[in-house]
Amino acid sequence: MKTALITGATSGIGLELALLFAKDSVNLLLISRNEIKLNEIKREFEQKYKIKVDFMALDLSVSENIEKINNYVNINNLQIDFLVNNAGFGDFGKFVNRDIKKFIEMISLNINALTELTHIFAKRMIVNQGGKILNVASIASLQPVPEMAVYGASKAFVLSLSQALNYELRKTNISVTALLPGPTDTNFFNRADRKNSRMTVMNMSPAKVAKIGYDAMQKGKSKVIAGGFNKLIGLISKIFPVNNFSLKITEKIAQEK
């Protein structure tokens, strides 16, 4: 049986992706800070889907924990056929008014951890002659987002990295897919201190977003935008250049109702 490593696996899009893999009889290595929830998922999935579920309760914004994952895979002789970099978070507010420590943590998780895990397991996939990687970016990666400046920039990195790697690996049996969700009905807005954002009226279900990303990854697509409205936003961002007018609209959407 194949194995999928999924970060941010205990809620939202990550949990729904874990469920899709489980239904396809793929073993799981789940990473999250929530050990209680990881235990619950392990018991439920192993009983219901007859798969093996390993987990590690780790904070991936702490760089040393990436090596712990690598060591765990080595010690347990796991072959990671699918890597899903889903863990990440955002923050709302004017850049100079927010906590720099939170920005550093965000960059460590959204960029550093994703890059390290992708590097480790892409190399392993080359040795194993196959594999698929799904990196969760955001519709915010397509244009600068005032009041979400660091988050948008971090997701732009994810999109750029994913598309470049997918091209680099085109002659191998490995694909790298960037999933670009828009607003999704998860804990994202609560953690970002913006539960009343205008964006929430456009929320998609995490199950629907996960299925779109899962199918695109299985097909080896370079990029997929989740949802028709978000695809329209993606098209508009291509047509219109970044200027004060477009930035003002983006800022208004990000603000509270």
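By convention here, the first residue in the shown sequence is residue 1.
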Student: Val53 and Ile75: same hydrophobic cluster, using ILVMFWY side-chain contacts below 4.5 Å?
Tutor: no
Student: Is any side-chain heavy atom of Asn70 closer than 4.5 Å to a side-chain heavy atom of Arg124?
Tutor: yes
Student: Determine, stepwise, if the pair Arg33 / Asn65 fulfils side chain to side chain donor-acceptor pair (under 3.5 Å).
Tutor: CA-CA 11 Å; Arg33 297 182 300 175; Asn65 286 338; over 6 Å; no
Student: Quick check: do Val176 and Thr118 have side-chain heavy atoms less than 4.5 Å from each other?
Tutor: no
Student: According to the ring pair (Phe, Tyr, Trp, His ring centres under 6.0 Å) rule, which pairs have a member within residues 95-131, sequence neighbours left out?
Tutor: Phe95-Phe103
Student: Does a side-chain heavy-atom distance below 4.5 Å link Phe55 with Asn39?
Tutor: yes
Student: Check for me, please, whether Phe157 and Ile104 land in the same ILVMFWY cluster - side-chain distances under 4.5 Å, paths through other members count.
Tutor: yes
Student: Take Met1 and Ile51, measure what side chain to side chain contact (heavy atoms under 4.5 Å, CB included) needs, and give me the verdict at the end.
Tutor: CA-CA 9 Å; Met1 290 174 66; Ile51 61 171; 3.7 Å; yes
Student: Go through the steps for Leu5 and Ile31 under the test side chain to side chain contact (heavy atoms under 4.5 Å, CB included), then give the verdict.
Tutor: CA-CA 8 Å; Leu5 191 166; Ile31 313 295; 3.9 Å; yes
Student: More than 12 non-hydrogen atoms from neighbouring residues, nucleotides or ligands closer than 6.0 Å to NZ on Lys42, yes or no?
Tutor: yes
Student: Could you tell me which non-hydrogen atom of Val158 sits nearest to which non-hydrogen atom of Asn110, and how far apart they are?
Tutor: CG2-O, 3.6 Å
Student: Take Asp54 and Tyr72 through the test side chain to side chain contact (heavy atoms under 4.5 Å, CB included) and record every step on the way to the result.
Tutor: CA-CA 10 Å; Asp54 290 281; Tyr72 185 92; 2.7 Å; yes
Student: Would you give the length of the straight line joining atom CG of Leu58 to atom OG1 of Thr7, rounded to the nearest 0.5 angstrom?
Tutor: 11.0 Å
Student: Starting from the C-alpha separation in whole Å, work towards a yes-or-no answer on side chain to side chain contact (heavy atoms under 4.5 Å, CB included) for Asp91 and Val150.
Tutor: CA-CA 8 Å; Asp91 189 49; Val150 175; over 6 Å; no
Student: Indicate, with yes or no, if Leu83 and Tyr167 share a hydrophobic cluster defined by side-chain heavy-atom contacts under 4.5 Å among Ile, Leu, Val, Met, Phe, Trp and Tyr.
Tutor: no
Student: What heavy-atom pair brings Gly12 and Pro206 nearest, and what distance separates the two atoms?
Tutor: C-CB, 3.6 Å
Student: What is the minimum heavy-atom distance between Leu30 and Ala18, and which atoms define it?
Tutor: CD2-CB, 4.1 Å
Student: Look up atom CD1 in Ile13 and atom OG1 in Thr184, then write down how far apart they are to the nearest 0.5 Å.
Tutor: 4.5 Å
Student: What's the shortest heavy-atom distance between Ile66 and Ala113, and which atoms?
Tutor: CD1-CB, 3.8 Å
Student: Between the main-chain N or O of Val26 and the side-chain N or O of Asp24, is there a donor-acceptor pair closer than 3.5 Å?
Tutor: no
Student: Return the minimal non-hydrogen interatomic distance between Ser32 and Leu38, and the atom names on each side.
Tutor: O-CD1, 3.7 Å
Student: Nearest 0.5 Å, what's the CD-NZ distance between Glu44 and Lys37?
Tutor: 7.5 Å
Student: For Ile36, look at atom CD1 and say whether over 12 heavy atoms of other residues, nucleotides or ligands are found less than 6.0 Å away.
Tutor: no
Student: Report the distance from atom CG of Leu142 to atom NZ of Lys155, rounding to the nearest 0.5 Å.
Tutor: 12.5 Å
Student: Any donor-acceptor pair under 3.5 Å linking the side chain of Ser154 with the backbone of Ile107?
Tutor: no
Student: Please report the shortest heavy-atom distance between Arg98 and Phe92, naming the atom on each side.
Tutor: NE-O, 2.9 Å
Student: CD1 of Ile126 to CG of Asn173: how many Å apart, nearest 0.5 Å?
Tutor: 11.5 Å
Student: Using a 3.5 Å distance criterion without hydrogens, assess whether the side chain of Asn27 forms a donor-acceptor pair with backbone atoms of Lys52.
Tutor: yes
Student: What do you reckon, are the aromatic ring centroids of Tyr214 and Phe21 less than 6.0 Å apart?
Tutor: yes
Student: Distance check, rounded to the nearest 0.5 Å: Leu159 atom CG versus Asn135 atom CG?
Tutor: 10.0 Å
Student: Linking I/L/V/M/F/W/Y whenever any side-chain heavy atoms sit under 4.5 Å apart, do Val127 and Ile120 land together?
Tutor: no
Student: Any non-hydrogen side-chain atom of Leu134 less than 4.5 Å from a side-chain atom of Leu17?
Tutor: yes
Student: Flag the pair Ile6 / Phe82 as yes when at least one side-chain heavy-atom distance between them is below 4.5 Å, and no otherwise.
Tutor: no
Student: Check for a donor-acceptor pair, side chain of Asn128 on one end and backbone N or O of Gly130 on the other, with a separation under 3.5 Å.
Tutor: no
Student: Are the side chains of Leu180 and Ser141 in contact, using a 4.5 Å heavy-atom criterion?
Tutor: yes
